[in-house]
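For reference, the structure discussed in these notes is given below.
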Amino acid sequence: MSEQDELRRRRFLQATGASALTASIAGCSGNSGDGSDGSDNSDESDGTDEADGELTLPDSYPYGANENRLQDARKAMEEAGYGPDNRFSLDWLQYNSSAWEEIGNTLRARLESVYIDMSISKADFGALLERTEKGEMDAFTLGWVADYPGIRNFTQLVDPDNTVYDADGVTPNGARLFWSEDSYTDPQVRTAMSEAFEEISGNPGNTDAADTARGEATLRLEKLLWESAALLPVYHSVEDRFWYDRVDYDPPGGMGVSRAKTSTSVQGIENGNTLNGTSATFNTLDPIASGNTASGAKIIDMFDALFNYLNATVEVEPLLIEDYTTNDDLTRYEFTLKEGVRFHGDYGELTADDVVYSIRRLVESSNSTNTYFPLSVLNIEREEDDSGNVVPGSLAVEATGDYSFSITLREPFGYALEVLSYSAFSVVPEGIVGDIEGYDGEMSFEEFSTNPVGCGPFVFEEWESGVGGEFRASAFGDYHGDVPAVENIQETILSEPNAIYNRLLNQNADISAIPTSQFDPTQIGLTSRDGAQQTGTYGPLENDETLNMSRTPTIDTYYIGFNMESVPKPVRQAMAYAMARDDFVESVFKGRGESAYHLTPPQVFPGGGEEYVDHWQEE
């Protein structure tokens with residue numbers, strides 16, 4: 001614990017009349033039941049029933065729906081000893097985003113009246129991740145887009161053991177809550193949260209009993225999240241796509257455009273053979289190091305993983321796989337590859353050795369930024385040294401024939417096929433990069449990441465990085481699946497909203513997003529619905545053209561998280577009371593989203609969207 005955090009904790013204890021207990025927190029243990037969770041030890045504020053020691057959780061969302069309950073926020077702070085002469089300083093770190101800036105400024109103005117002085121700093125995505133991993137913040141904004149459409153993929157964000165980034169021997173991928181034993185929270189809540197997640201992860205099967213157990217645990221976990229105010233969901237987004245009539249386009253589903261191959265979603269284009277688009281910046285085209293939507297969209301076109309989300313819907317289909325089997329407890333998967341799949345260039349036919357090398361590289365390469373998926377999510381069996389590093393060659397991914405291989409997991413997992421659809425598992429030619437033991441490599445990592453070789457429907461042609469640069473790829477004539485209907489993809493790399501919009505307006509982009517700052521909700525004409533996806537028109541634009549439009553709810557949640565080793569519960573509650581989600585969605589995002597009251601999005605919430613609403617409203 002830093003000197004600043006220790007001083008803050010002592011100040012809090014003094015404010016709540018608990019200064020006599022400071023000896024018990026000399027080792028930064030904040031779970032003595034002494035009110036160090038930021039409550040006043042009353043049943044109402046800490047959720048504990050003193051008579052029987054059981055948790056009493058709220059029946060419905062306790063902080064108000066679209067209400068600025070500043071009186072309640074002030075009461076929570078005053079009961080904890082805060083006031084005009086004892087204010088709390090909150091360091092807020094947010095995306096480098098005009099939308100989050102507006103939300104942050106609004107909350108800062110509201111919280112000033114409840115004894116919280118909020119300072120705002122901004123960072124791009126990479127810097128934000130780095131700083132939050134180090135705990136260099138009090139509050140922060142983040143979002144999570146589904147890696148696979150399952151409850152566990154979201155609930156793992158708040159599993160206490162998965163949120164502590166300075167713990168030894170673990171590789172967390174949670175919401176950076178630092179939900180440790182030193183956190184300002186009721187130890188019963190922390191324990192109950194861990195137990196709920198264990199119930200979710202411990203029932204991986206597809207039986208009704210397992211589904212019921214996961215659902216009940218999720219409902220309890222969401223209420224524990226309300227009680228702790230450790231993470232505040234803000235909104236679930238939608239993905240709007242716009243295209244001219246000249247494109248025969250099937251808009252992608254809820255897994256997002258970066259999960260949809262262009263060869264599937266685009267069936268043709270009039271008056272030419274090149275599909276023109278716009279891309280955000282990205283820094284690599286190597287599947288093991290890809291970490292954002294822009295690079296993911298390129299990789300899924302140039303590479304194939306073992307499975308594939310069918311046009312980004314939640315339906316998974318085999319891609320490189322001909323057949324597969326699994327044992328009863330979902331710990332061993334055996335796969336048979338398609339024969340005759342060709343790599344680009346002169347790299348020959350894809351075999352099981354290529355698959356083993358690709359997954360080994362995902363785990364063992366020092367260049368991999370996606371080890372979370374094979375190790376923490378799939379939890380593939382392996383040997384580890386004393387420092388917790390994977391012993392080279394020990395990963396339980398084994399070629400059992402020229403076109404067959406097996407994967408063995410440490411524990412049952414029911415979403416293995418969905419995870420193997422992730423672009424990080426794209427197959428590359430064996431030994432092409434020498435960044436794991438046993439391979440010298442034909443290319444360096446830097447060369448491969450800017451000149452990649454895969455087996456997908458498009459072949460890499462050129463990448464001029466940076467704003468104003470360009471990305472190009474061409475159709476692969478020997479592709480093992482349906483050959484693309486367009487011969488070329490060409491995308492200009494832009495970041496400034498006006499430039500992105502003007503490229504579409506000038507008809508230099510065939511398909512595009514429209515930045516929120518240029519988006520006009522009055523121009524929408526959505527007339528058809530297919531499941532959750534709506535389609536229709538948008539316009540007319542300034543060029544007198546009317547575009548086709550689709551609106552698809554994406555499986556994501558954007559939220560405010562807290563470092564609970566530095567932010568007491570009353571401060572977290574005050575933030576929750578001050579938030580009016582509907583106002584933010586309508587005024588900041590112009591209706592392009594839905595207010596969030598759960599971490600788990602409606603598409604994967606137990607019982608679906610209707611139960612999502614009923615649960616937070618207690619109906």
Side-chain angles (χ1 to χ4, degrees), residues 239-252 256-282 284-285 290 293-304 308 311-312 342-345 423 450-496 498-515 538-539 541 543-550:
E239 187 167 69
D240 291 343
R241 302 292 288 171
F242 306 87
W243 65 98
Y244 286 97
D245 282 338
R246 58 180 177 266
V247 186
D248 183 359
Y249 185 57
D250 182 10
V257 67
S258 65
R259 297 293 186 88
K261 291 181 180 292
T262 300
S263 56
T264 301
S265 58
V266 178
Q267 298 302 311
I269 184 168
E270 297 176 359
N271 302 322
N273 55 17
T274 298
L275 181 72
N276 289 289
T278 305
S279 172
T281 58
F282 55 96
T284 184
L285 291 171
S290 170
T293 301
S295 61
K298 316 291 184 298
I299 287 169
I300 201 170
D301 277 339
M302 295 184 295
F303 295 86
D304 277 356
N308 178 53
N311 201 28
R342 308 292 299 181
F343 284 112
H344 304 158
S423 62
T450 57
N451 189 26
V453 177
C455 62
F458 288 90
V459 179
F460 173 79
E461 294 290 344
E462 183 181 19
W463 172 28
E464 181 186 350
S465 64
V467 174
E470 200 168 76
F471 169 83
R472 293 192 300 111
S474 60
F476 182 36
D478 290 330
Y479 185 57
H480 64 92
D482 294 333
V483 176
V486 295
E487 294 183 15
N488 301 287
I489 296 173
Q490 183 169 307
E491 296 186 357
T492 297
I493 300 170
L494 299 173
S495 61
E496 204 278 319
N498 283 330
I500 295 170
Y501 181 63
N502 286 334
R503 179 168 168 77
L504 177 65
L505 196 64
N506 295 332
Q507 301 198 43
N508 293 321
D510 300 306
I511 304 170
S512 180
I514 292 179
Y538 179 86
L541 307 180
N543 62 4
D544 294 327
E545 293 282 343
T546 296
L547 302 176
N548 300 292
M549 175 184 175
S550 65

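What you are looking at is a predicted structure, and each value in this text was computed from that prediction instead of being measured.
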Check: [X] side chain, [Y] main-chain N or O, donor-acceptor pair, under 3.5 Å:
{"X": "R241", "Y": "N548", "value": "no"}
{"X": "E239", "Y": "V257", "value": "yes"}
{"X": "N506", "Y": "N508", "value": "no"}

Taking all atoms of both residues into account, what is the closest heavy-atom pair of [X] and [Y], and its distance?
{"X": "A509", "Y": "T278", "result": "CB-OG1, 4.0 Å"}
{"X": "R503", "Y": "Q490", "result": "NH2-O, 4.4 Å"}
{"X": "A294", "Y": "A280", "result": "CB-O, 3.7 Å"}
{"X": "N543", "Y": "E545", "result": "OD1-N, 2.9 Å"}
{"X": "S550", "Y": "P251", "result": "OG-CB, 3.2 Å"}

Can T293 and S258 be said to form a side-chain hydrogen bond (donor to acceptor under 3.5 Å, both in side chains), step by step? CA-CA 6 Å; T293 301; S258 65; 4.7 Å; no
If I take atom [atom1] from residue [X] and atom [atom2] from residue [Y], how far apart are they, to the nearest 0.5 angstrom?
{"X": "T492", "Y": "E470", "atom1": "OG1", "atom2": "CD", "answer": "5.0 Å"}
{"X": "E491", "Y": "L275", "atom1": "CD", "atom2": "CG", "answer": "7.5 Å"}
{"X": "E270", "Y": "D510", "atom1": "CD", "atom2": "CG", "answer": "10.5 Å"}
{"X": "L504", "Y": "W243", "atom1": "CG", "atom2": "CH2", "answer": "12.0 Å"}
{"X": "L505", "Y": "L547", "atom1": "CG", "atom2": "CG", "answer": "9.0 Å"}
{"X": "S423", "Y": "K298", "atom1": "OG", "atom2": "NZ", "answer": "12.0 Å"}

Measure the shortest side-chain to side-chain distance between T264 and D250 over non-hydrogen atoms and say whether it is less than 4.5 angstrom. no
Within a strict 4.5 Å, meaning less than it, do heavy atoms of the F471 and L285 side chains meet? yes
So if I apply the side-chain hydrogen bond (donor to acceptor under 3.5 Å, both in side chains) rule between K261 and each of D304, N311, N308, which one comes out positive? D304
Verdict with supporting geometry, Y538 and I514, side-chain contact (heavy atoms from CB on, under 4.5 Å): CA-CA 11 Å; Y538 179 86; I514 292 179; 3.7 Å; yes
Show every donor-acceptor pair shorter than 3.5 Å between a side-chain atom in residues 452-463 and any protein atom, with sequence neighbours excluded, or say none if there are none.
unit_1 : atom_1 : unit_2 : atom_2 : d
E461   : OE2    : S474   : OG     : 2.5
E462   : OE1    : R472   : NE     : 3.1
E462   : OE1    : R472   : NH2    : 3.0

Decide if atom CG of D482 counts as having more than 12 heavy atoms of other residues, nucleotides or ligands within a radius under 6.0 Å. no
